[in-house]
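See structure below.
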Amino acid sequence: MIERREGSISDALGELTAAAAEPADDAATLADRILSSAVSDTGDDACLVAIRIL
């Protein structure tokens, strides 16, 4: 989700941070939003672990 062949790591981290910054009703909604904004140029699988701390 972060590393891309043609882009800088800083740009990719900025995009991830922007996708995660908006509030969501629950962790699943936030995780879905982050995954839907992820772009892969490698065809590799990706996973995301979301943890809600109360």
Side-chain angles (χ1 to χ4, degrees):
M1 289 177 47
I2 300 296
E3 187 178 23
R4 297 192 190 122
R5 292 181 183 144
E6 301 296 323
S8 77
I9 190 78
S10 296
D11 290 344
L13 284 171
E15 292 170 14
L16 177 62
T17 301
E22 283 187 45
D25 292 333
D26 55 43
T29 301
L30 179 59
D32 287 344
R33 181 185 321 131
I34 292 169
L35 287 175
S36 70
S37 71
V39 178
S40 174
D41 64 355
T42 64
D44 291 339
D45 292 336
C47 71
L48 174 70
V49 176
I51 299 171
R52 181 177 179 204
I53 299 173
L54 300 173

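Taking A28 as the reference, D26 meet the side-chain contact (heavy atoms from CB on, under 4.5 Å) condition, with sequence neighbours excluded. Partners of A20 by side-chain contact (heavy atoms from CB on, under 4.5 Å), not counting sequence neighbours, listed by chain and number: I34. Legend: residues meeting side-chain contact (heavy atoms from CB on, under 4.5 Å) with A18, ordered by chain and number and at least two apart, are absent. With sequence neighbours excluded, no residue forms a side chain to side chain donor-acceptor pair (under 3.5 Å) with D25.
Here the closest non-hydrogen pair linking R33 and A24 is NH2-CB, 3.6 Å.
Once rounded to the nearest 0.5 Å, the distance linking CG of L30 with CG of L35 reads 9.5 Å.
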